[in-house]
There are 2 protein chains.
Amino acid sequence: MWQQFTSSFFNKVDTKGRVSIPALWRKALELRNAEGNIVLVPGFRDKNCVEGYAPDEYQRMSAAVSRMHPSDPNRRKLEYRLMGRALPLQLDDNGRIVLPKEMRDRFDLGGDVAFVGAGESFQIWSRARYDEFIAPLDDDEDFDALAAMPWDPPGAAP
Amino acid sequence: MWQQFTSSFFNKVDTKGRVSIPALWRKALELRNAEGNIVLVPGFRDKNCVEGYAPDEYQRMSAAVSRMHPSDPNRRKLEYRLMGRALPLQLDDNGRIVLPKEMRDRFDLGGDVAFVGAGESFQIWSRARYDEFIAPLDDDEDFDALAAMPWDPPGAAP
DNA sequence: TTGATGCCCACGGAATCCCATGCTAGAAAA
DNA sequence: TTTTCTAGCATGGGATTCCGTGGGCATCAA
């Protein structure tokens, strides 16, 4: 559970494109891989933000793609979007990464950015865009997605 | 994972036909084979670009072809396209390779080219052709390929 | 000669490393 | 309770290394 990415953080990107990865998540990353490795994938599942994965989770996904038959046209598409854009990075000894310039431009990641936990992955948003995005979700909506949640009653077998 | 070819890079082919292999991938190649060997196959899976493989991966593929029955007509075709056109190269000590002239002409590989990671392999495109090719994939609204991805829930057996 | 190929060195800009500085929260002391 | 101290964290700046790129020579073939 502490291996998961939870909570939200708002950090700053400096002029060189550096940002601190939230300390809580650095601990999560350490539990998953000793070296401070991390994989960023821009706009994979959500096209308005950059997604971050621990190496093991990224490998799970890319392995799934690699299992598809080479002639499958969907494999090709997934390769371009997942492998073709994935950026393996490692934290410096201050716990920071540098966001490449193209990524900063495309997702408006200068100044304030939001780190949003999503369990097995996390997202990096432009602060402004995130606020805009999250407001309607917070405002009353009769959250019917809850009904779609798979439900194992407490105490059931793992 | 550091053995994989991820991300994209845009380098220049000079007047002699030389290009730098992205430094990140040189490290991946070193992890797979000590000497800086690499195999280029023009238009194998995708006819608009040159594909690059680490020697071990290339051998995996050619071994698969060799296992086909000699009378299988597809075997002959695969032999022509995979073995018959493969070009084993090795990096110079600046990390560059020389693209043969026929390849440059056929795939328009002069000036700006794109190196696109595809996990076990990578592709070399003319920059212009790649931009043209990738745009519609980016604009693809609800990325249906994602639905086609095989999915093992986290925690499932490897 | 002409042109292709391989090898070496040189340069500029960008990425990376290393050290410094506030800030804050929580512990320790009064 | 209030005050002080301290350790961890986010952030900034300077210095250094790395990497992509271009050019110069030799060597060899046509």
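Residue numbering restarts at 1 for every chain, and letters A, B, ... go by the order of the sequence lines.
Between N33(B) and N37(B), the shortest heavy-atom distance links the atoms OD1-N, 3.2 Å. Residues M68(A) and A148(B) come closest through the heavy atom pair CE-O, 3.7 Å. When all heavy atoms are compared, the tightest approach of I124(B) to L40(B) is CD1-CD2, 4.3 Å.
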Indicate every side-chain donor-acceptor pair of residues 88-100 of chain B with a distance under 3.5 Å to a residue at least two apart or in another chain.
{"unit_1": "D92(B)", "atom_1": "OD1", "unit_2": "N94(B)", "atom_2": "N", "d": "2.8"}
{"unit_1": "D92(B)", "atom_1": "OD1", "unit_2": "G95(B)", "atom_2": "N", "d": "3.1"}
{"unit_1": "D92(B)", "atom_1": "OD1", "unit_2": "R96(B)", "atom_2": "N", "d": "2.9"}

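Look at CD on E102(A): it is 12 Å from C1' on dA15(C), rounded to the nearest Å. Spacing between atom CD of Q90(A) and atom C1' of dC17(C) amounts to 12 Å, rounded to whole angstrom units. D93(B) has its CG atom 11 Å from the C1' atom of dC9(C), to the nearest Å. Atom CZ in R96(A) sits about 15 Å away from atom P in dA15(C), given to the nearest Å. Note: CG (D14(A)) to P (dT21(C)) measures 18 Å, nearest angstrom. The distance from atom CG of L91(A) to atom P of dC18(C) is 15 Å, rounded to the nearest whole Å.
Base contact: N94(A) has a heavy atom under 4.0 Å from a base atom. Among the heavy atoms of the strands, none lies under 4.0 Å from L99(A). At a threshold of 4.0 angstrom between heavy atoms, the contacts of V98(A) are confined to the sugar-phosphate backbone, with no base atom among them.
If you check the side chains of R45(A) and S121(A), you find a donor sitting under 3.5 Å from an acceptor.
The residue among K16(B) and P22(B) whose nearest nucleotide of DNA chain D lies closer to the 5′ end is P22(B).
Of all nucleotides in DNA chain D, those with any atom nearer than 4.0 Å to a heavy atom of chain B start and finish, going 5' to 3', at dC19(D) to dC25(D).
Cation-pi geometry between R127(B) and F10(B) is met: the NZ or CZ atom falls under 6.0 Å from the ring centre, inside 45° of the normal.
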